[in-house]
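One structure is given here, and the rest of the page talks about it.
Order of the sequence lines fixes the chain letters, A, B, ..., with proteins taken first and strands second; residue numbering starts at 1 for each chain.
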Amino acid sequence: MGYDWHKLLIDKSQVALPHVLRCGQSFRWRFINGVWSIGLKNRVLMLRQEEKALYYTSVGPGQPGLSDEQLIKDYFNLHVDLVKLYGEWAKDKRFHGHLAGIRILRQDPWENLCSFICSSNNNIKRISKMVESLCREFGPYIATVDGHEYHDFPAPEALAADSVEEKLRSLGFGYRAKYINITAKMVCDMPAGLDYLQGLRDETYTDAHTALLAFSGVGPKVADCVCLMSLDKHNCVPVDTHVWQIATRDYRLSAKNNPKGHQAIQRYFQDLWGEYAGWAHSVLFAADLSDLENGINVKSEPLIEVKTESTLETKLEP
DNA sequence: TCGCCCCCTCTTAC
DNA sequence: AGTAAGAGGGGGC
């Protein structure tokens, strides 16, 4: 099957897919035979990267008024010059030698919220499994590509039925099953629905953060992750035990590992890094991440299929 | 196999 | 009122 690959001129130092898509922001990306793919906004989006260019193509109808290129530029926050930011952060010696191309995504707030409700007391591998279950069981089918089924992330209505909690428990969600179910009901009961979450992009950090805390299974850390990764609060630094360790070990801060201590650490990093403090934090965070490149959702087809299907090199010549 | 620890939040108890 | 401690499912080490 021949894909119509399009080229976007962007350097790896601006976005490094293997790191950005595996550092605990989005949990749905697959990596199959050198191609990154995801079911997003009613299409299967596929990406492939070279040193100075990103190649993209898609399968499925998509959404009216949202081209693949628009989706990519929005999803990856490509209007932000990451290289310039790295230059500013380099004043901090601890940044020297860290991974390049790690940027904050601009995800869908609803998916972001649900994913991070799943993330409490949890690890990336298991979160990925849970989010995939969510999409497979409750998300609308989009297409099958090279033998792999792709679903979109489920709408709140699909997760609001009373039967959902038990189903999620059987899928290994544990106590988070109830949180997801209740939060979905809450969003469905809102007059504005998903627009309410989307609208938090226009609110201040404090207001957005407070609003998110009202949802079930959402504490300060999860609220901060959503603020940073889908609500444009670029200077928000989510502090968990991991970031707490970086702060106390590498930065010699003497904060306690409790909410007050976490808040103090957040303020310290915001002062230090400025407007895009949340982005800076993700670079240090990723550097410490043992889960990076751990083989989640990675598949390789038998060699013979690679030759015959030839989704890569032969179709990529500009 | 058995502990122990987790990218936490909620609840209860001071 | 603000803070502290324990429970909660499953999986990794």
Side-chain angles (χ1 to χ4, degrees), chain A residues 19-29 99 102 104-105 107 111-134 137 164-186 209-231 233 236-251 253 255-266 269 277-298:
Chain A
H19 301 135
V20 174
L21 302 180
R22 285 284 192 258
C23 67
Q25 295 190 60
S26 172
F27 302 93
R28 293 208 289 136
W29 286 87
L99 295 170
I102 295 178
I104 294 296
L105 300 173
Q107 300 188 64
E111 172 176 346
N112 195 201
L113 179 61
C114 290
S115 303
F116 279 84
I117 287 174
C118 295
S119 80
S120 76
N121 210 1
N122 213 342
N123 57 67
I124 292 181
K125 200 173 198 170
R126 185 165 165 228
I127 301 164
S128 302
K129 209 178 289 177
M130 289 161 71
V131 174
E132 179 165 347
S133 296
L134 268 185
E137 299 292 331
V164 169
E165 183 189 340
E166 200 185 329
K167 179 69 180 170
L168 291 180
R169 280 192 179 270
S170 76
L171 290 168
F173 278 59
Y175 55 86
R176 304 163 195 89
K178 193 180 211 110
Y179 297 156
I180 294 283
N181 189 217
I182 290 177
T183 293
K185 288 181 201 221
M186 289 172 76
H209 183 88
T210 304
L212 290 170
L213 289 180
F215 291 107
S216 179
V218 179
K221 191 267 181 181
V222 168
D224 277 345
C225 285
V226 177
C227 279
L228 174 65
M229 299 173 190
S230 63
L231 298 180
K233 314 307 179 214
C236 175
V237 179
V239 179
D240 51 32
T241 51
H242 190 186
V243 172
W244 177 83
Q245 281 180 15
I246 294 174
T248 53
R249 184 194 62 212
D250 300 338
Y251 286 82
L253 302 187
K256 290 188 174 154
N257 195 357
N258 62 27
K260 277 272 182 269
H262 289 184
Q263 200 172 52
I265 289 170
Q266 176 174 74
F269 283 141
W279 289 51
H281 124 282
S282 76
V283 174
L284 294 186
F285 185 89
D288 256 33
L289 208 53
S290 60
D291 263 325
L292 214 60
E293 317 229 39
N294 65 356
I296 298 165
N297 288 341
V298 175

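- Atom NE2 of A/His242 is separated from atom C1' of B/dC5 by 14 Å (rounded to the nearest Å).
- The one candidate from A/Val237, A/Ile104, A/Asn112, A/Leu105 that meets the side-chain contact (heavy atoms from CB on, under 4.5 Å) condition with A/Leu228 is A/Ile104.
- Nucleotide B/dC10 holds its P atom 12 Å from the CZ atom of A/Phe215, rounded to whole Å.
- Residue A/Val243 is out of contact with every strand shown, counting any heavy-atom pair closer than 4.0 Å.
- Counting only heavy atoms from C-beta outward, the side chains of A/Asp240 and A/Phe285 approach each other to under 4.5 Å.
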I'd like to compare against my own output: the B/S/- annotation of nucleotides 3-13 of chain C with a strict under-4.0 Å heavy-atom distance to protein. SS---BBBS--

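- Side-chain contact between A/Lys221 and A/Ser119: present, with at least one pair of heavy atoms (C-beta onward) separated by less than 4.5 Å.
- Residues A/Asn257 and A/His262 bring a donor and an acceptor atom of their side chains to less than 3.5 Å of each other.
- Residue pairs meeting the side chain to side chain donor-acceptor pair (under 3.5 Å) criterion with at least one partner in residues 167-182 of chain A, sequence neighbours excluded, are A/Glu165-A/Arg169.
- A side-chain donor from one of A/Gln266 and A/Asp224 sits under 3.5 Å from a side-chain acceptor of the other.
- One finds the CG atom of A/Asn122 at 11.5 Å from the OG atom of A/Ser115 (value rounded to the nearest 0.5 Å).
- Separation of the P atoms belonging to C/dG9 and B/dT12 is 15 Å when rounded to the nearest angstrom.
- Side chain of A/Gln25 to main chain of A/Met229: no donor-acceptor pair is present (N/O by atom type, distance under 3.5 Å, no hydrogens or angles).
- Taking the P atoms as reference points, C/dA5 lies 16 Å from B/dC5, given to the whole Å.
- Residues A/Phe116 and A/Phe215 place their aromatic rings such that the two centres sit no closer than 6.0 Å.
- Sequence order on DNA chain B of the closest nucleotides to A/Asp240 and A/Gly217 puts A/Asp240 first from the 5' end.
- Of the P atoms belonging to B/dC7 and C/dT3, the separation is 24 Å, rounded to the nearest Å.
- For DNA chain C, the stems formed by at least three consecutive Watson-Crick or G-U pairs, with both atom-pair distances below 3.5 Å, span B:3-6 with C:10-13, B:8-14 with C:2-8.
- At least one side-chain nitrogen or oxygen of A/Thr241 sits closer than 4.0 Å to the OP1 or OP2 atom of B/dC7.
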